[in-house]
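Everything numeric in this text was worked out from a predicted model, so none of it was measured. Whatever order the structure lists ligands and atoms in, that order sets their numbers, starting from 1.
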Amino acid sequence: MQGFVHSIETMGLLDGPGTRTIFFLQGCPLRCAFCHNPDTLKRVGGQVMTPEDILKFAGRYRSYYGEEGGVTFSGGEPLLQGEFVYQCLKLLKQEGYNTCVDTSGFGNPRFYSRILPLVDTLILDVKAFDRQSFEDLTTIDGFDAYLEFLNRLGRNGFSGQIWVRHVMVPGLTDDEESMEKFIRILKPIRNKVDRIEILPYHTSGVKKYHELGIPYRLEGVEPMDKKRAKELEIYANKLFAEELRQERAERERVRQEKFKQLKENEVASEQEKAEMFQALRQLPLLNDVDEQDVEAVLNEVILSNIKAGELIFKTGDAPDFMYLIFEGQMKIFVNTVDGEEQIFYIYRDGDFVGGLNLLVQTPYRYIGQALTDCKVVVIPKSTFDKYFYNSPVVLRSVLVKSFERIRWAEELIQRLATSNASMKTAGLLLKLVKRIGVETEEGIRLELSMSREELGNYSGLRRETITRKLGEFKELGYIELVGNRVIIVKDIEALESYVL
Ligand code: SF4
């Protein structure tokens, strides 16, 4: 594995926190009008280095890095050499280096999910704030791709901090309105942004263009006034802080409203409450909570009655609560682009949802809706952080649950992608046998909380198809149908033969 390195700066102080070694890599698909490194644009050239060479070189200056400093990859566009950057970051991280990537978001997307988890600081160059200016400035119709990069940072595993940079060119973005647009496009990454910097356009790169014989598109444009650029940088930062404040206030308002609504639905009778507390005390969840704190936990949780059909949480909800189903059943689903409902899981007594969201602070990506009347124990984030965050029992349960969900999702993908209707129906019945099956003399009894339509949504089939398939299985003697809500599985081996 080799990469093309245009140049190396040691003891750099501007491109990332602390003192850093900066590797400027070759290659960039953009053609920014103000680019002062036109000699880095070619994909091939400069010095050929291996990831081991990079590690060795960085090691020479390690003693200067201190607590904050480390290694930065800049360019050009470093993400264009995706495999090389990934291999370098992997080695550097194994050796405990602080890492930074300075990017415009135009690399090879195939490597993003491998590179981004290894990056501590991302310096994000924001070229322009709308499609047309982006194209005018870079000669590329890439604004949507850029927004996509921004939107997917979290999903690609980036969990570090972001420094946002914008080169301000006189007459293009040197006004308040542009700063407002600038702050608006940062919305998806707001919580990760650590600083916003305006770099005043300068003309020191023009000479290189003349030497290389390349036409310079900003010929005649004066350098950006530094004082004005600073004023606008302060304006942008203030705007950003205000948006953050408003967002937090809105989030707090939603949280309080939800808390109020859950409280209103709280289990009414004292006796019922006492019974639930008694049962809760037996749960492994409370194993690591000190005896004297158990009472406090029970006082802080909300014991909510949720009616069948009510939403418990929805996509985008902040990770403010974890839900433990005390009684009843809940479905977790998304609405697909075709307007169909895709059910992922059915949860019932003793299951919980939201633990991972609280741990990694990511909003809910699914919808949770009560299938039957439910009693749900709602654990607020503050209670979770205080009593459960460091509990091995809780962490283990979250891990086990997450693993079960991954397995479940994998099976679902396989079922949806590869199975025919008989296989999907048999697979669904077997899943239900595992989850809710009760052995009886006539067979394994499944008391369903779902309609035929929901069964279809769960298995990736249309309502008519699942109804027809269940009819066929009945004819074959595999199952018996008792009304709309009970299925008795008579021949489990026959069902298994469809999926094994
Ligand atoms: S992204 Fe950077 S290296 Fe690429 S053209 Fe623009 S300024 Fe030059």
Side-chain angles (χ1 to χ4, degrees), residues 3-9 12 14-16 20 22-47 72-82 84-85 100-109 111-112 115-116 119 121-150 153 162-170 172-174 182 185-186 196-219 221 223-224 229:
F4 298 99
V5 180
H6 170 270
S7 52
I8 305 172
E9 182 183 339
L14 300 174
D15 296 319
R20 315 189 71 84
I22 305 151
F23 295 94
F24 294 91
L25 304 192
Q26 281 291 145
C28 182
L30 304 186
R31 294 292 177 265
C32 302
F34 50 68
C35 181
H36 54 262
N37 286 325
D39 45 338
T40 63
L41 300 184
K42 276 200 209 133
R43 173 77 173 71
V44 175
Q47 194 180 342
T72 296
F73 292 92
S74 184
E77 169 51 72
L79 295 183
L80 207 58
Q81 296 191 46
F84 175 67
V85 171
C100 173
V101 169
D102 179 358
T103 177
S104 303
F106 280 87
N108 185 343
F111 293 98
Y112 291 171
I115 290 174
L116 290 167
V119 178
T121 303
L122 195 76
I123 300 179
L124 190 66
D125 303 317
V126 180
K127 305 293 176 197
F129 319 130
D130 60 59
R131 194 162 287 110
Q132 193 53 52
S133 335
F134 190 94
E135 194 171 338
D136 292 347
L137 209 67
T138 64
T139 73
I140 281 181
D141 174 14
F143 192 62
D144 290 339
Y146 177 72
L147 292 182
E148 172 84 358
F149 178 77
L150 224 75
L153 277 175
I162 301 177
W163 290 11
V164 180
R165 283 184 176 166
H166 170 67
V167 175
M168 184 173 277
V169 180
L172 291 183
T173 55
D174 56 338
F182 180 22
I185 67 165
L186 299 181
I196 297 170
E197 293 174 329
I198 300 290
L199 309 181
Y201 163 74
H202 58 79
T203 50
S204 61
V206 181
K207 216 170 116 226
K208 272 193 201 170
Y209 281 79
H210 294 162
E211 281 165 11
L212 293 165
I214 310 171
Y216 187 64
R217 283 185 284 139
L218 293 181
E219 203 72 68
V221 174
M224 178 70 207

By number and element, which atoms of ligand 1 are closer than 4.0 Å to a non-hydrogen atom of S104? 1 (S)
Closest protein heavy atom (residue, atom, distance) for atom 8 (Fe) of ligand 1: C35 SG, 2.3 Å
State plainly whether the residues D15 and R165 are in salt-bridge range, i.e. N to O under 4.0 Å. yes
Taking C-beta and beyond as the side chain, do F34 and K127 meet within less than 4.5 Å on heavy atoms? yes
Using heavy atoms and a 4.0 Å limit, tell me yes or no: is L41 in contact with ligand 1? yes
Any non-hydrogen atom of N37 lying under 4.0 Å from ligand 1? no
Contact flag C32/atom 6 (Fe) of ligand 1, N/O/S atoms, threshold under 2.8 Å: yes
Return the residue, atom name and 0.1 Å-rounded distance of the protein heavy atom closest to atom 4 (Fe) of ligand 1. C28 SG, 2.3 Å
Should the ring pair H202 and H36 be called parallel, tilted or perpendicular, given that the plane angle runs from 0 to 90° and is split at 30 and 60? tilted
Could you tell me if any non-hydrogen atom of K127 lies under 4.0 Å from any atom of ligand 1? yes
Shortest non-hydrogen pair, F182 vs F129, comes out as CD1-CE2, 3.3 Å
Main-chain N/O of K208 paired to Y216 side chain as donor or acceptor, under 3.5 Å: no
Ring centres under 6.0 angstrom apart (F84, F4): no
